[in-house]
Amino acid sequence: MNRLALVRMLSLLTLLALVFSACGGQPAPAPVQAPAEAPAAPEAAKPAEAPAAEAPAAEAPAAEAPAVSKYKEAPELAALVKDGKLPPVDERLPESPLVVTPVDKVGKYGGTWRTALKGGQDDAWLTRTIGYDYLVRWDPEWKEVIPDVAESWTVNSEATEYTFKLRKGMKWSDGKPFTADDIAFYFNDVLNNKELTPSVGGSFAAGGEYAVAEKIDDVTVKIVFAAPNGLFLQRNATPDGQSPVQFQAEYCKQFHKDYADPAKLEQLIKDNQAEDWIKLFQIKCSSVPGTPINARWQNVDLPVISAWVLKTPSATKDPTKAERNPYYWKVDTEGNQLPYLDGIYYEYIEDLNVLALKAAAGEIDMMDRHIATNANKPVFVDNMEKGEYGFFETIPSSMNGMVISLNLTHKDPQLRAIFQNPDFRKGLSHALNRQEMIDVLWVGQGEPWQLAPRPTSPFYNETLAKQYTEYDVAKANEYLDKALPNKGADGMRLMPDGKPLAFTLEISNTGKEWMDAGPMIQKYWKAVGVDMTPKVEDRALLYTRKDANEFDAMVWGGDGGLDVILEPRWYFPYSGESQFGELWQYWFNGDSRGEEPPEATKQQMDLYNQIKATGDAAKQDEMMKQILEIAQEQFYAIGIALPANGYGIVRNNFKNVPASMPGAWLYPNPGPTRPEQYFLDK
């Protein structure tokens, strides 16, 4: 080769290198909304190998072609990569991203999901839409726990050690690595820091101690309990699972006394007008107990692992906006990085009637929370065509639309004795005309039901569900005569001391059906000689009185119809939501305000402790059935009606929303249906 030919060849190679460098090392994306098609990912969740690059047609020897990405990404992210403002998608995804199978079809990139928050502190809807990415998750049908952040896990035979294998190369929304250090920080430096977490309890404690974390390597972490915790995996698939994946160690250590430079920490405390380092840490990384302050939704600087990242905080009267997380660690079956939607727009709404009107006008893309009432449905049906939307079905976990709890641990000894008498409760139950209540309050939707698992639950118990639901005034009087045989001249029943029986039924102002039910119940019970006065009040006041054990009776909803083991509040005095036995649940949970319950109730508590002490699902199920059998005998509280299936609104062009999904807080719908694969088909 002569000198001139050599110079020409070197010049051509240099020109080719400059062209590839300007393109960021990969071809520029096509300017279309739909993700480019890619080979289907194999079952092992690894993307197909990229096709071989074509050799450039040139006289000179072939130059080395830039690597073709294994994955595809949103056009806006590809543009940032091209401009050098973002690493290539292959570098942003973990080695084994989680592969999501779309509900209907592979989606298109672009668009914003329009929805709303009730007031500025509707954290539950944020959790349900962008807050469901945990170590593990529920499958969409709510049948089992499946991998999420953790690729896999192992559990020892005693259910005291849980070892999680994380996704190598996974990143936070700020591009920092997500590793075992972040999980360990939460367990060891937040839960087990007495200043941040002064009391022990909840899903991540056993044997009177919080679990501790042991880092095996960057992608392996072992969670160790002092005693068996057989429900740990299931609890991590509920909203409880948010905490272990919320604390990026590198970010949160700057607010933690054990890690931060003292002078810098003191300055941060002053800058943020915090009382001390504890309050600073809470407002930046966790939450402030007893207040609406929650860093997950209000500190937009807190790194996250969710599909969308908040760009404006919640808890204000301004809209809350979320944008795509460029480091989200999931792809679809054709190798397209999720999410499809560019963002979510949460409008601030105070008046639920206004929200319903917006939904009927087609201004809400997908939502069920706050709007899916029986009263609203006829309006939605009438406006379906004009609003260009349809319905999806929600199968409620709730087993009762309204529960009446007499206070079985009442401070007044005489009222306590009356309320604890099962004949009194049975008589009140038979006095209720449930079918009339269903027709009036729930537009005929539902059926008479006590506090029992739903018919589709493996724990369904027909006797428990139907006992004492028959409307029979004669039978009601028969039971009540056993409990309080004496009556005054007005026909109203007298207590053992000769004074008229009279008590108040407290009702939260958050439920229209409940408020309307008060006078109906009053009428039914007056007909059998029981004087009850309904009292509607603010929810916060009602809960304050409940927690202090200062109420006669109250009305609430009936959770635990499908999530029976995880939410047994109505089957025995399990938590603060077991309103029929506040002092008994305090005793069960080690609260000094507690009072030792009857033997049958203690037997249920012992059985539940055994459930928590084993990882054997079959044994857990058998013991739960025993708890329900005892609940049938004890008849702690009075149910009214099994709720009918619910619904939600979805715009016709808003795709990949399942036609049906469970509806529950412990299955925080629509989260488990994977909103990251929803898309707008424009």
Indicate yes or no for a side-chain donor-acceptor contact from Asn236 to the backbone of Phe232 under 3.5 Å, with no hydrogens or angles considered.
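Confirmed, Asn236 side chain pairs with Phe232 backbone.
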
Go through the structure and list residues passing salt bridge (Lys or Arg N to Asp or Glu O under 4.0 Å) with Arg128, not counting sequence neighbours.
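By the salt bridge (Lys or Arg N to Asp or Glu O under 4.0 Å) rule, Arg128 matches no residue at all.
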
What residues form a salt bridge (Lys or Arg N to Asp or Glu O under 4.0 Å) with Glu141, not counting sequence neighbours?
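By the salt bridge (Lys or Arg N to Asp or Glu O under 4.0 Å) rule, Glu141 matches no residue at all.
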
Is a side-chain donor or acceptor of Asp365 paired with a backbone partner of Arg114 at a separation under 3.5 angstrom?
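Present.
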
Sequence neighbours excluded, every pair satisfying salt bridge (charged side-chain N to carboxylate O under 4.0 Å, His left out) that has a member inside residues 295-307:
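Residue pairs passing salt bridge (charged side-chain N to carboxylate O under 4.0 Å, His left out), neighbours aside: none found.
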
Pairing residues for Asp174 by the side chain to side chain contact (heavy atoms under 4.5 Å, CB included) criterion, not counting sequence neighbours:
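Residues passing side chain to side chain contact (heavy atoms under 4.5 Å, CB included) with Asp174: Trp172, Lys176, Gln248, Pro303.
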
Could you work out, with side chain to side chain contact (heavy atoms under 4.5 Å, CB included) as the rule, every residue matching Pro102, not counting sequence neighbours?
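In terms of side chain to side chain contact (heavy atoms under 4.5 Å, CB included), with neighbours along the sequence ignored, Pro102 is linked to Val106, Asp332, Thr333, Tyr340, Asn656, Gln677.
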
What residues form a ring-ring contact (aromatic ring centres under 6.0 Å, His included) with Tyr328, not counting sequence neighbours?
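Testing Tyr328 for ring-ring contact (aromatic ring centres under 6.0 Å, His included), a comparison that skips the adjacent residues, returns none.
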
Any non-hydrogen side-chain atom of Leu451 less than 4.5 Å from a side-chain atom of Val403?
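Sidechains of Val403 and Leu451: in contact.
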
Give the intermediate values and the outcome of side-chain contact (heavy atoms from CB on, under 4.5 Å) for residues Ile565 and Asp621.
CA-CA 8 Å; Ile565 290 181; Asp621 289 354; 3.6 Å; yes

When you measure from the side chain of Asp681 to the backbone N and O of Lys108, does any donor-acceptor pair fall under 3.5 Å?
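No: the side chain of Asp681 does not pair with the backbone of Lys108.
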
Is a side-chain donor-acceptor pair under 3.5 Å present for Glu347 with Tyr345?
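Tyr345 vs Glu347: no donor-acceptor pair found between side chains.
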
Can you confirm whether the side chains of Tyr636 and Ser578 place a donor and an acceptor under 3.5 Å from each other?
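Checked: Tyr636/Ser578 side chains show no N/O donor-acceptor pair below 3.5 Å.
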
Determine yes or no for a side-chain-to-main-chain donor-acceptor pair under 3.5 angstrom, with Asn299 supplying the side chain and Ala295 the backbone.
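It does not hold such a pair.
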
Examine distances only and state if a side-chain atom of Trp308 and a backbone atom of Pro339 form a donor-acceptor pair shorter than 3.5 Å.
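Side chain of Trp308 to backbone of Pro339: no pair is present.
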
Judged by atom type as modelled, is there a donor-acceptor pair below 3.5 Å linking the side chain of Gln298 to the main-chain atoms of Pro292?
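Checking the backbone N and O of Pro292 against the side chain of Gln298, a donor-acceptor pair under 3.5 Å is found.
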
Does Ser314 use its side chain to pair, donor to acceptor, with the backbone of Trp297 at less than 3.5 Å?
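Yes.
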
Where do Gly110 and Arg324 come nearest, in terms of heavy atoms and distance?
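Looks like N-NH2, 4.1 Å.
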
Working to the nearest 0.5 Å, report the span between OG of Ser429 and CD of Gln450.
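Answer for the OG-CD pair, Ser429 versus Gln450, is 4.0 Å.
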
Strictly distance-based, threshold 3.5 Å: is any side-chain N or O of Ser398 a donor or acceptor partner for the main-chain N or O of Gly558?
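Present.
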
Scan residues 445-460 for pairs that pass salt bridge (charged side-chain N to carboxylate O under 4.0 Å, His left out), counting only residues two or more places apart or in two chains.
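Every pair satisfying salt bridge (charged side-chain N to carboxylate O under 4.0 Å, His left out) with a residue in residues 445-460: Glu447-Lys466.
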
Assess whether side-chain contact (heavy atoms from CB on, under 4.5 Å) is satisfied between Arg434 and Trp449, documenting all intermediate values.
CA-CA 9 Å; Arg434 288 175 171 80; Trp449 204 261; over 6 Å; no

Nearest-0.5 Å distance, CD of residue Glu506 to CZ of residue Phe551:
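It is 7.5 Å, given to the nearest 0.5 Å.
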
Can you confirm whether Val245 sits close enough to Ile183 that some side-chain heavy atom of one is under 4.5 Å from a side-chain heavy atom of the other?
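Sidechains of Ile183 and Val245: in contact.
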
Between atom CZ of Phe459 and atom CG of Asp563, what is the distance when rounded to the nearest 0.5 Å?
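Reported value, rounded in 0.5 Å steps: 11.0 Å.
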
Minimum heavy-atom separation for Gln234 and Trp138, please, with both atom names.
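The answer is O-CZ2, 3.7 Å.
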
Verdict with reasoning, Trp125 to Tyr346, per side-chain contact (heavy atoms from CB on, under 4.5 Å)
CA-CA 10 Å; Trp125 187 234; Tyr346 300 89; 3.9 Å; yes

Minimum heavy-atom distance between Leu464 and Ala452, given as atom pair plus value:
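So the two residues come closest at CG-CB, 3.6 Å.
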
List in chain and number order the residues that pass salt bridge (Lys or Arg N to Asp or Glu O under 4.0 Å) with Asp240, two or more places apart in sequence or in another chain; answer none if no residue qualifies.
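Salt bridge (Lys or Arg N to Asp or Glu O under 4.0 Å) check on Asp240 returns nothing, list empty.
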
Do Asp318 and Tyr348 come close enough that some side-chain heavy atom pair is under 4.5 Å?
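Asp318 does not reach Tyr348 side chain to side chain.
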
Any sub-3.5 Å donor-acceptor pair from Asn400's side-chain atoms to Ala641's backbone N or O?
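Yes; at least one donor-acceptor contact below 3.5 Å.
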
For Trp556, what residues pass the ring-ring contact (aromatic ring centres under 6.0 Å, His included) criterion, not counting sequence neighbours?
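Counting only residues at least two positions away or on another chain, Trp556 forms a ring-ring contact (aromatic ring centres under 6.0 Å, His included) with Trp514, Tyr543.
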
What is the distance from atom OH of Tyr251 to atom NZ of Lys284, rounded to the nearest 0.5 Å?
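Answer rounded to 0.5 Å: 5.0 Å.
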
Would you check if there is a donor-acceptor pair between the side chains of Glu582 and Asn549 at a distance under 3.5 Å?
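On atom types as modelled, these side chains do not qualify, holding no pair under 3.5 Å.
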
With Phe588, which residues qualify under ring-ring contact (aromatic ring centres under 6.0 Å, His included), at least two apart?
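Only Phe572 meet the ring-ring contact (aromatic ring centres under 6.0 Å, His included) criterion with Phe588.
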
Over 12 non-hydrogen atoms of neighbours within 6.0 angstrom of NZ in Lys377
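Yes, the 6.0 Å shell around NZ holds more than 12 heavy atoms from other groups.
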
So, taking the atom named CD1 in Ile627 and the one named CD1 in Ile611, what distance separates them when rounded to the nearest 0.5 Å?
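One finds 4.0 Å between CD1 of Ile627 and CD1 of Ile611.
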
Of all heavy-atom pairs between Val190 and Thr197, which one has the smallest distance, and what is that distance?
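Taking Val190 first and Thr197 second, the nearest heavy atoms are O-OG1, 2.7 Å.
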
Indicate yes or no: at least one non-hydrogen side-chain atom of Thr373 is less than 4.5 angstrom from one of Phe380.
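Side-chain contact under 4.5 Å: no.
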
Tell me the closest heavy-atom pair linking Pro658 and Phe392, and the distance in Å.
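The pair with the smallest heavy-atom distance is O-CB, 3.5 Å.
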
Are side-chain heavy atoms of Gln585 and Asn589 found at a separation under 4.5 Å?
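Yes, at least one pair of side-chain atoms sits under 4.5 Å.
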
Could you name each residue pair satisfying ring pair (Phe, Tyr, Trp, His ring centres under 6.0 Å) that touches residues 642-667, not counting sequence neighbours?
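Only Trp113-Phe654, Trp142-Tyr667, Phe391-Tyr647, Phe654-Tyr678 qualify under ring pair (Phe, Tyr, Trp, His ring centres under 6.0 Å).
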
Please test Thr312 against Val300 for side-chain contact (heavy atoms from CB on, under 4.5 Å), starting from the C-alpha separation and ending with a verdict.
CA-CA 7 Å; Thr312 59; Val300 297; 5.6 Å; no

Ile349 versus Lys358: any side-chain heavy-atom pair under 4.5 Å?
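They are in side-chain contact.
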
Close side-chain approach of Thr115 and Met366, heavy atoms under 4.5 Å
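They are not in side-chain contact.
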
State which residues pass salt bridge (Lys or Arg N to Asp or Glu O under 4.0 Å) with Lys330; sequence neighbours excluded, sorted by chain then number.
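So Lys330 forms a salt bridge (Lys or Arg N to Asp or Glu O under 4.0 Å) with Asp133, Asp148, Glu676.
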
So which heavy atom on Ile507 is nearest to which on Pro534, and how close?
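For Ile507 and Pro534, the tightest heavy-atom pair comes out as CD1-CB, 4.1 Å.
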
Verify, without hydrogens or angle tests, whether Asn653 (side chain) and Lys682 (backbone) share a donor-acceptor contact under 3.5 angstrom.
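Not at all, since once roles are kept as given, no pair shorter than 3.5 Å links the two residues.
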
Just verifying a value: how many Å separate Gln337 CD and Trp329 CH2, rounded to the nearest 0.5 Å?
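Gln337 atom CD to Trp329 atom CH2 measures 12.0 Å (nearest 0.5 Å).
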
I want to check something: taking the side chain as every heavy atom from C-beta on, are Ile649 and Ile371 in contact at a cut-off of under 4.5 Å?
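Answer yes - side chains close enough.
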
